[in-house]
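Notes to accompany the following structure.
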2 protein chains.
Amino acid sequence: MADLLSVAKLAGVSRATAARAFSTPDLVRDTTREKIFHAAQQLAFRPNKVAQQLRLQTTQMIGVMVPSLDNPVFAEQLQAMEVAARACGYSLIVTTSEYDASRENEIVEEMLRQRVDGLVLTVAEADKSAVLTQLHQETTPCLLVYNPPGNSGFPSVGVDNHAASEAATRYLITLGHQQIGMVAGPLLQSDRARQRYEGYCLAMQAAGLAPSPLIEMPRHTQADLKSLAPHLHGDNALSALICTNDLLAISLIGELQRAGLSVPNDLSVMGFDGIALGKYVYPSLCTVEQPRADIGRAAIHTMLNMIQGERPVLTPLPYVLRKGESVGALTTRKTPPGISSRSVA
Amino acid sequence: MADLLSVAKLAGVSRATAARAFSTPDLVRDTTREKIFHAAQQLAFRPNKVAQQLRLQTTQMIGVMVPSLDNPVFAEQLQAMEVAARACGYSLIVTTSEYDASRENEIVEEMLRQRVDGLVLTVAEADKSAVLTQLHQETTPCLLVYNPPGNSGFPSVGVDNHAASEAATRYLITLGHQQIGMVAGPLLQSDRARQRYEGYCLAMQAAGLAPSPLIEMPRHTQADLKSLAPHLHGDNALSALICTNDLLAISLIGELQRAGLSVPNDLSVMGFDGIALGKYVYPSLCTVEQPRADIGRAAIHTMLNMIQGERPVLTPLPYVLRKGESVGALTTRKTPPGISSRSVA
DNA sequence: TTGTACGCGTTATCAT
DNA sequence: ATGATAACGCGTACAA
């Protein structure tokens, strides 16, 4: 591919003049600039960003790491980040960690070698992340997304999971529910999920209710009725559930309906995240909506500020309690049909 | 950040030797190599990829452009691409075009300046894409994803939309449906959507049935009952629908249920794409599943071959007709309740 | 206004 | 086995 030197030669000027025609056009006479542009066009010249990056010691690239793109939460956030970054002249290097610590390490190392101007990461657990502690040695600015700003020492953009979860729980209590459970993926995998459980417990206790132990699903984004069935009958049968993410909630609602139960008549189900699709399913998903696009944009703009050397000042973004058909007021009801241990076996 | 020269000095060797210690370790004596590694560690040396890229004239980066990440089809494909690329030592620069032609241009130009080793694109319409015709002038290999391999002149990985749509239609016909309609976003926006409509028409005609005109929704991924209501009663009331994508289908099913209709009893609804969530909603989505992960992986591996200079040989990937609860056999029924033009107004 | 010359951090060729 | 040196393509301080 043609380089500046060949353009300069064709235009009959020195390489420096050709370079100036592009970087500082007003420093070169109109006529010669035209000559240069013309030559560039003829040779299909295209500035080499790699050389620019080396010379200017900045890549205008931001390294992004999310756990997975199979979860629309991250995909929707990334979508907003990409648009925002591009609007500011930045490109995104996108990687997925799959919640794997060793992968997280490799990815960050790779990005640092690539000399990205900044890192925007979502890690499994910010407080006990080897990557993050190691990153403190580096000068490359780093920003977390979704991870609660605990003692990781890095700024973070996201909502207050604690408060959001409390609000969700209180909402269900307001509707008369007393037997409320929380459903999560395996092992309370992420720090967000843990905070959400804590918020739930606090809200329950504040209302004089007993929090139930966490109900763990075998998979992070797919519900399984078997794990749930024991909690749906008997004296302490739950009348409402909060799921730690929307995919879990939607698939749970599907499973319940498939088992002949009605949501919300037999059981109210609430989600967490606010993915777009939740508005369109039936029953529509009642959920705590995180402003995913706002989060993505805020992450980019904050990161750009950090790159400029500013110290970020971050206040949690506002969550929205999105009402939906999957949650209803508590109604007295008999033991629901079709949910005996036999029918779900 | 420390560079090779400072490492060399600290280790008491020349820059060349230091470089060799990393690139060709066996060409340097064990003891000196140790010295060099030690020095590198002390200085927290980290190879500069930008310099390598300039020197080696290869970035090990692939430029990826998808229409949007808000649609799980692309997100799920990208997820697979990222994993596959990373496994081969490549990074991904990810961009979203939002189906905007001018954005497509800017993005591709930007990526070429970045000297990506290859481009993997999904454009709105491969046949009439300004970007693609211009790309023929370039030497950077380019591969399409999802776009049918028409006369764009570029290889493409994806399923045979035509055949897949025919198969879907035939499936409905097999179940006894005769009044089958197809629902799409506005303007038959993408070449895929058009092919799917053509496939539907062909299958209908082959069965001696009359294809219905396309039913257009105001938005690409969100259904609207008003546009549909006219087709649901009267002599030619439809008994089955095929949507051009899964999001449309899922939201349509939601709307129908909300209007008091039963899917599939009153109306069978079929999707297209096979996003993961479709399996978990109720009724589960009957759809034509594109192997999104396979497509993503195949795209990367094909691209790597193209970068090696090989000419790609591409056969369409197999689609799978995923059965689901949203489609049932035709049953005689009266005009469904609650769908009069009044009730949806 | 334009040209000369250096450096960004590597790899690779040629000597030694 | 190691060292000196020339690229890779560009931006810019300095000189003219």
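All values reported here derive from a predicted model rather than from experimental measurement. Order of the sequence lines sets the chain letters (A, B, ...), proteins ahead of strands, with each chain counted from 1.
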When you measure from the side chain of [X], which nucleotide among [options] comes out closest?
X	options	result
B:A51	C:dT10, C:dT2, D:dT12	C:dT10
A:S14	D:dC10, D:dT2, C:dG3	C:dG3
A:N48	D:dC10, D:dC8, D:dT2	D:dC10
A:S23	D:dT12, D:dG9, C:dG9	D:dT12
B:Q57	D:dG9, D:dA1, D:dT12	D:dG9
A:A16	C:dT10, D:dG3, C:dT4	C:dT4

Could you tell me whether B:R33 and B:D30 have a side-chain N and a carboxylate O separated by less than 4.0 Å?
->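 Result for this pair is yes, salt bridge flagged.
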Integer-rounded Å distance: [N] [atom2] and [X] [atom1]:
X	N	atom1	atom2	result
A:L54	D:dG11	CG	P	11 Å
B:F45	C:dG9	CZ	C1'	8 Å
A:K49	D:dG11	NZ	C1'	15 Å
B:L27	C:dC14	CG	P	16 Å
A:D26	C:dT1	CG	P	9 Å
A:K35	C:dG3	NZ	C1'	14 Å
A:L4	C:dG7	CG	P	20 Å
A:K9	C:dG3	NZ	C1'	16 Å

Nearest-nucleotide wise, let me know which of A:L56 and B:L56 is further upstream toward the 5' end of DNA chain D.
->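 Nearer the 5' end of the strand: B:L56.
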Whichever of A:R46 and B:D30 has its nearest DNA chain D nucleotide further upstream toward 5' |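 Its nearest nucleotide lies further toward 5', so the answer is B:D30.
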Just to confirm, is there a sub-4.0 Å distance from OP1 or OP2 of D:dG11 to any side-chain nitrogen or oxygen of A:Q52?
->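 True: A:Q52 side-chain N/O within range (under 4.0 Å) of D:dG11 OP1/OP2.
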Below 4.0 angstrom from OP1 or OP2 of D:dA1, is there any side-chain N or O of B:T32?
->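 The answer is no; no side-chain N or O of B:T32 sits under 4.0 Å from OP1 or OP2.
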Toward the 5' end of DNA chain C, which comes first, A:R15 or A:A18, by nearest nucleotide?
->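 Nearest-nucleotide comparison on DNA chain C picks A:A18.
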Hey, which of B:Q60, B:K49, B:Q52, B:Q53 is the one that makes side-chain hydrogen bond (donor to acceptor under 3.5 Å, both in side chains) with A:Q114?
->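 Checked B:Q60, B:K49, B:Q52, B:Q53 against A:Q114; only one passes side-chain hydrogen bond (donor to acceptor under 3.5 Å, both in side chains): B:Q53.
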Looking at every strand, decide which applies to A:F22 at a 4.0 Å heavy-atom threshold: base, sugar-phosphate, or nothing.
->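 Answer is nothing: A:F22 stays at 4.0 Å or more from every strand.
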Using a 4.0 Å heavy-atom cut-off across all strands, classify B:V13 as base, sugar-phosphate, or nothing.
->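 Sugar-phosphate contact only.
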Do A:F37 and A:F45 have ring centroids that are under 6.0 Å from one another?
->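 No, they do not, as the ring centres are separated by 6.0 Å or more.
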If you define the side chain from C-beta out and look only at heavy atoms, does anything of [X] sit under 4.5 Å from [Y]?
X	Y	answer
A:T122	A:V64	no
A:V120	A:V145	yes
A:I62	A:I300	yes

Taking N and O atoms by type only, does the side chain of B:R20 place a donor or acceptor under 3.5 Å from a partner on the base of D:dG3?
->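 Side chain to base: pair present.
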